[in-house]
2 protein chains.
Amino acid sequence: MPYDPSAYPPFAVTVDLVVLTVRRHALCALAVRRGEPPYQGRWALPGGFVKADEDLGSAAARELNEETGLRAHESGGSTTEAHLEQLATYGDPQRDPRMRVVSVAHLVLAPDLPSPTPGGDAHSVRWAPVDTFIAPQGGGGRDAGQPAPLAFDHGRILADGVERARSKIEYSSLATAFCPPEFTVGELRRVYEAVWGVALDPRNFHRKVTGTPGFLVPTGGSTTRQGGRPAQLFRAGGATLLNPPMLRPEV
Amino acid sequence: MPYDPSAYPPFAVTVDLVVLTVRRHALCALAVRRGEPPYQGRWALPGGFVKADEDLGSAAARELNEETGLRAHESGGSTTEAHLEQLATYGDPQRDPRMRVVSVAHLVLAPDLPSPTPGGDAHSVRWAPVDTFIAPQGGGGRDAGQPAPLAFDHGRILADGVERARSKIEYSSLATAFCPPEFTVGELRRVYEAVWGVALDPRNFHRKVTGTPGFLVPTGGSTTRQGGRPAQLFRAGGATLLNPPMLRPEV
DNA sequence: TGAATAGTGTCTTTTAGACAATATGAA
DNA sequence: TTCATATTGTCTAAAAGACACTATTCA
């Protein structure tokens with residue numbers, strides 16, 4: 001097809017962010033409250049328009065920084081930085097009633113942040129357990145109640161992001177992105193338990209995780225911040241792919 | 001942000017297709033020759049603009065059908081239909097010198113087609129081994145020669161699609177999407193060998209693949225089209241996730 | 001008969017998973 | 001001391017990988 005600007009329909013392109021962390025043994029997502037229609041007053045994922053001369057990943061990192069103060073790398077975070085990767089793109093013609101918007105969703109995995117409500121406005125930004133917005137694991141039990149639907153198609157985007165995180169910590173070292181720079185084997189185990197929603201055997205987990213080459217590097221220090229016997233401190237090793245992988249029970 | 005159409009920059013949105021098949025023991029991709037600048041005369045991935053009222057997956061399926069006559073489902077193909085899934089979105093501001101174009105790439109896995117050059121124009125559409133365009137596996141040997149670069153950023157898109165296919169046939173039953181409706185264990189093994197570029201032990205492969213629940217269903221028939229002793233014919237079972245997974249040697 | 005492919009069986013090594021037992025610090 | 005968590009060790013079952021051997025067709 002020849003180059004003719006009138007020959008293609010115009011779109012708005014946005015980035016939406018699924019920002020996940022583990023707080024008090026629960027997988028939580030960052031949500032913002034909408035101040036105007038449509039979906040006024042409803043919770044939504046943070047996001048915004050991609051600028052005219054901005055790359056998609058840069059736009060996602062900018063929005064993340066504006067919303068949380070976090071910095072993120074697109075390929076594997078390190079010190080106090082979060083992991084950022086593209087998730088998927090959502091472009092149903094009806095997904096935004098105002099106009100045709102294609103949203104490139106990104107997934108961010110971040111350690112638990114010191115401030116309960118990061119950013120400026122405590123009314124309109126919060127961490128919430130993902131079960132607040134999406135049905136838990138395999139249909140869910142009676143006690144969870146109905147999820148509060150997010151604005152637009154953000155419920156589906158969040159569900160896709162959570163599923164990506166759940167499957168990706170199986171075969172990559174990404175679970176360490178939820179941990180502070182130095183962490184114990186037990187803290188890492190609690191990350192897996194929170195993300196997968198299962199209990200893991202601490203003894204087999206310890207043997208497996210310390211035996212996987214490149215996953216963990218001991219720092220020499222130890223801590224008793226979890227109580228009990230002092231635990232060795234580790235930081236993330238250089239490996240990105242785990243071999244053998246961690247296996248989610250009962251698949 | 002308030003609704004103000006002038007407040008967001010306009011983008012063109014396209015779909016590009018990584019269409020893969022296995023032909024003569026080689027993983028091949030569909031390529032089209034560009035008839036006009038930029039990159040005139042260079043090979044590129046098939047694709048085109050998303051229409052004003054069209055979903056992304058529908059646009060990909062439409063382009064695929066226009067190019068090859070194939071029909072595709074977005075979630076698991078069956079009879080003579082191909083597998084289609086979203087791959088990733090590419091939006092570097094400089095990726096198209098004419099204007100700002102965001103491309104939502106899709107991955108298609110199709111069985112070997114009867115016509116060598118599907119579609120109408122044999123000059124401008126062809127199947128080519130993926131090594132024609134991208135460096136093979138781990139850096140590649142001496143004998144492969146330099147790959148012929150595709151137009152735009154299509155080399156990277158193709159590489160991402162090939163890697164997705166290589167990893168996805170490990171833990172899903174997607175390898176059957178490369179096979180005709182009825183196929184033998186040996187034919188399925190040759191698919192794995194072509195996609196991964198390795199040789200697999202036929203005996204262990206047979207035991208493993210027939211022992212994985214839901215992967216293969218015997219049709220009762222048999223064939224000698226590969227020579228040798230007649231082989232049982234199978235069709236794809238209902239399982240989409242393989243447990244245990246097929247493991248790529250030497251990772 | 002020989003070449004080619006299909007299919008079964010057997011053995012060894014590795015890994016997963018269950019769980020006993022010990023180690024170490026805090027309340 | 002008791003409790004909580006960390007860490008090591010042992011056992012069993014499952015799976016991966018190597019490879020001998022048999023089966024069936026066609027040229």
Side-chain angles (χ1 to χ4, degrees), chain A residues 24-25 169-171 179 182-194 196 198-235 239 241-251, chain B residues 24-25 169-171 179 182-194 196 198-235 239 241-251:
Chain A
R24 276 173 285 134
H25 292 208
I169 64 173
E170 285 195 88
Y171 57 88
C179 296
E182 297 198 351
F183 54 89
T184 69
V185 172
E187 287 162 353
L188 183 63
R189 174 171 49 81
R190 280 178 276 273
V191 163
Y192 275 92
E193 291 178 331
W196 285 343
V198 297
L200 300 174
D201 185 291
R203 299 155 297 183
N204 291 337
F205 183 88
H206 188 284
R207 176 162 39 83
K208 176 143 191 178
V209 89
T210 55
T212 298
F215 196 2
L216 299 183
V217 177
T219 65
S222 69
T223 181
T224 60
R225 62 190 174 212
Q226 299 291 340
R229 170 176 168 179
Q232 281 186 78
L233 284 168
F234 295 86
R235 51 184 178 76
L241 259 50
L242 301 183
N243 196 342
M246 305 296 298
L247 288 181
R248 202 173 353 177
E250 189 174 10
V251 178
Chain B
R24 277 171 285 134
H25 292 208
I169 64 173
E170 285 195 87
Y171 57 88
C179 296
E182 296 199 351
F183 53 89
T184 70
V185 171
E187 288 162 352
L188 182 63
R189 175 170 48 82
R190 281 179 276 273
V191 163
Y192 274 93
E193 291 178 332
W196 286 343
V198 298
L200 300 174
D201 185 292
R203 301 156 294 185
N204 291 337
F205 183 88
H206 189 284
R207 177 162 38 83
K208 174 144 193 177
V209 89
T210 55
T212 298
F215 197 2
L216 300 184
V217 177
T219 66
S222 69
T223 183
T224 60
R225 63 189 175 213
Q226 300 289 341
R229 169 177 169 180
Q232 282 186 79
L233 284 168
F234 296 85
R235 53 184 176 76
L241 258 50
L242 301 184
N243 196 344
M246 305 296 298
L247 287 180
R248 199 170 359 173
E250 188 173 11
V251 175

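Worth knowing before you read on, the calculation uses all heavy atoms, side chains too, and leaves out hydrogens, waters and symmetry mates. Note that this is a predicted model, so its numbers are computed, not measured. Every chain is numbered from 1 and lettered A, B, ... according to where its sequence line falls, protein lines coming before strand lines.
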Rounded to whole Å, please give me the gap between [atom1] in [X] and [atom2] in [N].
X         : N       : atom1 : atom2 : result
Asn243(A) : dT14(C) : CG    : P     : 14 Å
Phe234(A) : dT7(D)  : CZ    : C1'   : 10 Å
Glu187(B) : dA6(C)  : CD    : C1'   : 12 Å
Arg248(B) : dA16(D) : CZ    : P     : 16 Å
Phe183(A) : dA6(D)  : CZ    : P     : 13 Å
Phe205(B) : dG9(C)  : CZ    : P     : 19 Å
Asp201(B) : dG9(C)  : CG    : P     : 16 Å
His206(A) : dG9(D)  : NE2   : P     : 11 Å

If you assign Asn204(B) and Gly186(B) each to the DNA chain C nucleotide with the nearest heavy atom, which residue ends up on the more 5' nucleotide?
Gly186(B)

OH of Tyr192(B) to CZ of Arg248(B), rounded to nearest 0.5 Å, is 11.0 Å

Side chain of [X] (C-beta onward), nearest among [options]:
X         : options                   : value
Lys208(A) : dA16(C), dC19(C), dC21(D) : dA16(C)
Arg203(B) : dG7(C), dT7(D), dA6(C)    : dG7(C)
Thr224(A) : dG9(D), dA6(C), dG25(C)   : dG25(C)

Under 4.0 Å between a side-chain N/O of Arg189(B) and OP1 or OP2 of dA6(C), yes or no?
yes

Side-chain N or O of Gln232(A) versus OP1/OP2 of dA6(D): is the shortest distance under 4.0 Å?
no

What I'd like to find out is whether the side chain of [X] reaches to under 4.5 Å of the side chain of [Y], using heavy atoms alone.
X         : Y         : value
His25(B)  : Arg190(B) : yes
Asp201(A) : Lys208(A) : no
Thr212(A) : Asn243(A) : no
Val191(A) : Ile169(A) : no

Any donor-acceptor pair under 3.5 Å between the side chain of Arg207(A) and the base of dA16(C)?
no

Measure distances between side-chain N and O atoms of Arg229(A) and base N and O atoms of dA26(C), and say whether any donor-acceptor pair falls under 3.5 Å.
no

Name the residue closer to the 5' end of DNA chain D, choosing between Gly227(B) and Pro245(B) according to the nucleotide with the nearest heavy atom.
Pro245(B)

Check every strand shown and say whether Arg190(A) touches a base, only sugar-phosphate, or nothing at a heavy-atom separation below 4.0 Å.
sugar-phosphate

